[in-house]
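Data block below; observations after.
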Amino acid sequence: MGSTLTIKTPGDYLLRRDLCSYGYFLLAPNLWNPGDLSLTRPLDLDGGLAVFEISQPTNNRGGPIRALCDRKLSRAEQYEARALIVRMLNLEDAGVREFHKLDQRWKRSGRARLFRSPTFFEDVIKTVTSCNVTWPSTMNMNVRLCEVVNPAFPRASQLARRKPATLRARCSVGYRDQRIVDIAKLFVSGAVDPAWFEDPATPDEDALATLLEMPGVGPYAAANIMQLLGRYAHVALDTESLRHARTVLGWKGDDAPLMKQLKKHYERYADHRFRSYWFELWTDYEARKGPAHTWDPNTSGRTFTAAQLNKAKPKVTKKRRISSGTAR
DNA sequence: GGTAGACCTGGACGC
DNA sequence: GCGTCCAGGTCTACC
């Protein structure tokens, strides 16, 4: 019989809303089960692989999280697993109230928290696999990294000793092969220190500048990793942002001026601008595909391609002029 | 500082 | 079923 962890949540926390808030919940080794509103997720603990089923049995805001494990955990492993799950679910997000004060559009729904990975390293690699590629390919890369290297997601030490050609051939990561290995080596050598990035005392600008020095990390990827660190003052602008500007905000013009306009547009949300931007996109996705907690990772969760999204544009009304994008 | 082209994969589309 | 086109962000070379 396995161990069961019970994790207290903040009074506003709602698993089906707050876990299904960012596309990474659809990426391996996460497996969202829309039927019973639970997440199956293997974790790489000190004592070995452990598979968890994470749910919120009360299905109400503020209800405790239950994490059923497929094996008995030592006390140290329980502590370790708890910390990883808290990070994934963003349970320690201290900015929710401030965000709702700044952007009251999301106060009623309670949207504020963004799902992320149990480790900073996984967030970085997932971001690299999402660059210059369509969403289904990102999904495939993550599935294969887990199949080939580690079912609970590759550790930095594992990727650092892989040959780039192996990752390319077996994980379909393409030209990202060398970059992924190089990033992993930076983590292993200590040149990249996750604790430094996670430390709130580290200035945003320092964190951003250091991210931009990583191979394969440009302006979009760096801004995205920043939000995964809980630093929401930068908007990760990409082609989805342009589509959002044109189809939802109703703007016109060439790419470059639209990008500048977007950047300026979200300045009003100050330290929470990514959240405001993202929930506009996410609301649009849900208008197209239904609530995110109903998405199946094998069917509807794979359909976030530009071609698909351009097919069925939601009506732009004066009242509700928000959103579009890929499921990142 | 700005721009063009290469880098890969897989979905969409035309035949 | 096959071939071709295209989307996607980063990096490098060049002006």
Side-chain angles (χ1 to χ4, degrees), chain A residues 22-24 26-28 123-149 159 162-186 192 207-228 234-247 253-263 274 277-278 281 284-285 288-289 295-313 323-328:
Chain A
Y22 195 65
Y24 288 7
L26 295 166
L27 295 182
D123 274 339
V124 171
I125 298 301
K126 277 186 157 55
T127 299
V128 170
T129 66
S130 76
C131 288
N132 196 30
V133 73
T134 54
W135 182 244
S137 294
T138 300
M139 294 185 82
N140 286 341
M141 285 183 223
N142 280 273
V143 166
R144 289 178 194 172
L145 283 168
C146 293
E147 285 175 353
V148 173
V149 185
L159 288 178
R162 286 278 171 170
K163 286 182 183 167
T166 307
L167 295 182
R168 179 181 295 223
R170 299 188 62 195
C171 304
S172 303
V173 299
Y175 66 88
R176 299 161 197 80
D177 56 355
Q178 186 68 56
R179 296 171 188 179
I180 288 173
V181 171
D182 289 344
I183 289 172
K185 284 178 177 171
L186 290 173
V192 169
L208 183 67
T210 309
L211 287 170
L212 286 167
E213 289 173 8
M214 286 190 200
V217 176
Y220 164 78
N224 191 58
I225 295 168
M226 287 289 280
Q227 69 85 7
L228 292 162
H234 297 83
V235 181
L237 295 173
D238 60 2
T239 49
E240 268 306 300
S241 317
L242 292 170
R243 204 169 60 77
H244 175 66
R246 292 186 175 112
T247 65
D254 293 333
D255 291 358
L258 273 188
M259 280 293 191
K260 282 184 184 169
Q261 200 178 340
L262 279 164
K263 206 172 175 185
F274 181 85
Y277 161 74
W278 183 254
L281 288 184
D284 181 58
Y285 295 164
R288 294 160 185 267
K289 308 281 182 185
W295 300 349
D296 187 309
N298 295 311
T299 55
S300 50
R302 295 187 68 86
T303 58
F304 290 89
T305 62
Q308 287 275 348
L309 290 168
N310 283 326
K311 269 183 192 170
K313 291 176 186 170
S323 105
S324 99
T326 56
R328 281 168 193 147

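In what follows, chains are A, B, ... by sequence order, proteins preceding strands, each numbered from 1.
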### Task
Measure from CD1 on A:Ile180 to C1' on C:dT10 and round the result to the nearest Å.
13 Å
### Summary
Whole-Å distance, A:Ile183 CD1 to C:dC11 C1', equals 13 Å
### Task
Describe the nucleic acid contact of A:Met139 in one word from base, sugar-phosphate, nothing, applying a heavy-atom distance below 4.0 Å.
nothing
#### Entry: Between B:dG2 (P) and A:Lys260 (NZ): distance, integer Å
7 Å
### Between A:Asn224 and A:Tyr22: side-chain donor-acceptor atoms closer than 3.5 Å
yes
### Task
Could you tell me how the ring of A:Trp278 sits relative to the ring of A:Tyr285: parallel (under 30°), tilted (30 to 60°) or perpendicular (over 60°)?
perpendicular
## Note on the structure
To the nearest angstrom, the CE-P distance between A:Met259 and B:dG2 comes to 15 Å
### Query
With a 4.0 Å cut-off, would you call A:Asp255 and A:Arg246 a salt bridge?
yes
### Flag side-chain contact, heavy atom, 4.5 Å: A:Leu228 against A:Lys126
no
### Message
What is the distance, to the nearest angstrom, from the CG atom on A:Asn224 to the C1' atom on C:dT10?
### Response
14 Å
## Note on the structure
In 5'-to-3' order, the base (B), backbone-only (S) or no-contact (-) status of each nucleotide in nucleotides 3-10 of chain B, using a 4.0 angstrom heavy-atom cut-off, is ----BSSS
### Query
Rounded to whole angstrom units, what separation is found between the CD atom of A:Gln178 and the P atom of C:dT10?
18 Å
### Message
Side chains of A:Ser241 and A:Asp238 only: does a donor on one sit below 3.5 Å from an acceptor on the other?
### Response
yes
#### Entry: Beyond-backbone contact of A:Asn142 with A:Tyr24, side-chain heavy atoms, under 4.5 angstrom
no
### Task
Check the distance between C:dG9's C1' and A:Leu212's CG and give it to me in whole angstrom.
13 Å
